[in-house]
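Single-structure report; data block below.
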Amino acid sequence: MLVYFWGFLYSNYFRFWLKWVLRLLTRKCELQRVFEGSKAGAQRTLSIEHSLESSKNKVLRNAVHVEEAEVERCVRDVMKEKKIEQKDTGFKTNLHISLLQISGYKKLYLNVENLRKVPYDSDNEEHEEQLIELWNLLMPHENLKARITKQWCDIGFQGDDPKTDFRGMGLLGYFSKHYTNEARQILSRSNHPKLGYSYAIVGINLTEMAYSLLKNGALKSHLYNMVFGLPQMEHFHQFYCYLVYEFDKFWFEEEPESIMHFNQYREKFHEKIKGLLLDCDAILTLQNTKKP
């Protein structure tokens, strides 16, 4: 209760007066102080995002909701409101990058959300091709005998037709296509006689984890550090690949007694990733994980 009361007082009273005093002392607005006092990436953009969202100025508050095409105009409007000279190219460039990252993150979430709502359609030729490609990538030396077959269980599906649980098709396929060797190695490890797990089902489960981290904003630190511009679907795919690779290592390090404890260890892994993403310098990719 006390923490909430203090937060209310700070947001509604003390913050305004603190900003006013600092502006008098430094002759610079909060945005200028953030750009000068923080390094490029998540540390800077998260601070800019918070400053804009907390502002009593409507132009500044609306800045976090602009789309890519409106960013340049929005930068000019913010500079005009804060009485910053348009010839200050350093401020203009930095604010432009931060607004691109903020708007790009929101757009990426909407794109992932829309993709997530598309069900697997066996009558869709593209969906079927991606499914067959997944098999060929993971099992290059074994031909698929039929579209509906128990062979799908060999790569971790639950039945003879993967369409019933293949919700993470795009992400699982991306990992297998762009990190084929790693995908085959993990598939092989998933068949361990004691510590084995269903590769495809776990992979699909991790798509939900990646989505939830994107939705609640936890991925901002990673994406703001990784992309000085608009985060794209490609970057979300790469983060998913990191999750698959790291979960496999985590699973074997933990040595669960049974696959029946999967949810328990999944949540433990989830908490580990959330902890890593609290670091403003976080960049979670396979390239950063796999040291030579």
Any donor and acceptor pair, going by atom type alone, linking the side chain of Thr149 with main-chain N or O of Lys145 inside 3.5 Å? no
Begin from the C-alpha positions of Leu138 and Thr180 and carry the test side-chain contact (heavy atoms from CB on, under 4.5 Å) through to its verdict. CA-CA 7 Å; Leu138 292 175; Thr180 307; over 6 Å; no
Linking I/L/V/M/F/W/Y whenever their side-chain heavy atoms sit closer than 4.5 Å, directly or via other members, would Leu214 and Leu110 fall into one cluster? yes
Salt bridge or not between Lys194 and Glu255? Use side-chain N to carboxylate O under 4.0 Å. no
Dump the intermediate steps for side-chain contact (heavy atoms from CB on, under 4.5 Å) on Asn205 and Phe247, then the final yes or no. CA-CA 11 Å; Asn205 195 286; Phe247 179 81; over 6 Å; no
Are any non-hydrogen side-chain atoms of Val64 and Ile48 less than 4.5 angstrom apart? no
Decide if atom NZ of Lys274 counts as having more than 12 heavy atoms of other residues, nucleotides or ligands within a radius under 6.0 Å. yes
List the atom of Ala42, the atom of Cys280, and the distance in Å for their closest heavy-atom pair. CB-O, 3.4 Å
Look at the side-chain heavy atoms of Ile, Leu, Val, Met, Phe, Trp and Tyr, link any pair under 4.5 Å apart, and say whether Val75 and Ile97 land in one connected group. no
Is the backbone of Asn124 close enough, under 3.5 Å, to the side chain of His127 for a donor and an acceptor to pair up by distance? no
Just verifying a value: how many Å separate Ser258 OG and Leu195 CG, rounded to the nearest 0.5 Å? 10.5 Å
Cys153 to Gly159 - nearest heavy-atom pair and separation: SG-O, 3.8 Å
Less than 4.5 Å apart, any side-chain heavy atom of Val202 and any of Ser190? no
Decide yes or no on side-chain contact (heavy atoms from CB on, under 4.5 Å) for His222 and Thr285, but give the supporting numbers first. CA-CA 9 Å; His222 163 71; Thr285 65; 3.8 Å; yes
For the backbone of Leu52 and the side chain of Ser55, can you confirm whether one donor and one acceptor N or O come within less than 3.5 Å of each other? no
Can you tell me if Glu254 has over 12 outside heavy atoms packed within less than 6.0 Å of its CD? yes
Looking at every non-hydrogen atom in both residues, tell me the closest pair between Phe236 and Ala210 and how far apart they are. CE1-O, 3.5 Å
Lys92 atom NZ, neighbour heavy-atom count above 12 within 6.0 Å: yes
Does Glu53 use its side chain to pair, donor to acceptor, with the backbone of His50 at less than 3.5 Å? no
If every non-hydrogen atom of Ile155 is compared with every non-hydrogen atom of Met139, which pair is closest and at what distance? CG2-CG, 3.6 Å
Can you tell me how far apart CZ (Phe239) and CD (Glu234) are? Round to the nearest 0.5 Å. 15.0 Å
Would you check, one step at a time, whether the test side-chain contact (heavy atoms from CB on, under 4.5 Å) holds for Tyr197 with His192? CA-CA 8 Å; Tyr197 58 85; His192 189 280; over 6 Å; no
About how many Å separate CG of Asn114 and NZ of Lys117, when rounded to the nearest 0.5 Å? 6.0 Å
For Phe35 together with Phe91, are the ring centres under 6.0 Å from each other? yes
Looking at Ser176 and Ala183, what are the two nearest heavy atoms and their distance? CA-CB, 3.8 Å
At their closest point, which heavy atom of Leu99 faces which heavy atom of Ala63, and how far apart are they? CD2-O, 3.6 Å
Flag yes if more than 12 heavy atoms outside Glu271 fall under 6.0 Å of its CD atom; otherwise flag no. yes
Side chains of Met79 and Gln86, heavy atoms from C-beta outward: is any pair under 4.5 Å? yes
Under the 3.5 angstrom rule, does the side chain of Ser221 hit a backbone N or O of Leu277 as a donor-acceptor pair? yes
Is a donor from one side chain sitting under 3.5 angstrom from an acceptor on the other, for Tyr224 and Gln43? no
Geometric class of the Tyr240/Phe175 ring pair [parallel <30°, tilted 30-60°, perpendicular >60°]: perpendicular
Mind checking the CD-CD spacing from Glu133 to Glu128? Nearest 0.5 Å is all I need. 13.0 Å
For the residue pair Met209 and Arg266, establish whether any side-chain heavy-atom pair is separated by less than 4.5 Å. yes
So, the side chain of Asp248 versus the backbone of Val244: is there a donor-acceptor pair under 3.5 Å, distance only? no
Considering only NZ, NE, NH1 and NH2 on the basic side and carboxylate oxygens on the acidic side, decide whether Asp121 and Lys163 come within less than 4.0 Å. no
For the side chain of Asn111 and the backbone of Met233, is there at least one donor-acceptor N/O pair under 3.5 Å apart? no
Connected via hydrophobic side-chain network under 4.5 Å: Ile201 and Met260: no
Verify, without hydrogens or angle tests, whether Thr93 (side chain) and Gly90 (backbone) share a donor-acceptor contact under 3.5 angstrom. no
Given the ring of Tyr105, does Lys220 sit roughly above its face, with NZ or CZ under 6.0 Å from the centre of the six-membered ring and within 45° of the axis? yes
Are a donor atom and an acceptor atom from the side chains of Glu68 and Ser103 found within less than 3.5 Å of each other? no
Just how far is it from atom CZ of Phe269 to atom CD of Glu253, taken to the nearest 0.5 Å? 10.0 Å
Donor-acceptor contact present, side-chain Ser188 to main-chain Arg184, <3.5 Å: no
Any Gln238 side-chain heavy atom under 4.5 Å of Met226 side chain: yes
Trp152 side chain vs Trp135 backbone, donor-acceptor pair below 3.5 Å: no
Just wondering, more than 12 heavy atoms not from Lys215 lying within 6.0 Å of its NZ? no
Quick one: does Leu230's side chain get under 4.5 Å of Gln101's, heavy atoms only? no
Between Asn136 and Pro140, is any pair of side-chain heavy atoms under 4.5 Å apart? no
Examine Phe157 and Tyr120 and state if one hydrophobic cluster contains both, with Ile, Leu, Val, Met, Phe, Trp and Tyr joined whenever side-chain heavy atoms are less than 4.5 Å apart. yes
Pair Asp77 + Arg73, salt bridge at N-O below 4.0 Å: yes
Starting at CG of Leu219, measure out to CG of Leu213 and round the result to the nearest 0.5 Å. 5.5 Å
With the threshold set at 4.0 Å, does a side-chain nitrogen-carboxylate oxygen contact exist between Glu36 and Arg33? no
Would you call Phe250 and Lys268 a side-chain contact if the rule is heavy atoms closer than 4.5 Å? yes
Answer yes if Leu144 and Leu137 sit in the same cluster of Ile, Leu, Val, Met, Phe, Trp and Tyr residues linked by side chain heavy atoms under 4.5 Å apart, and no otherwise. no
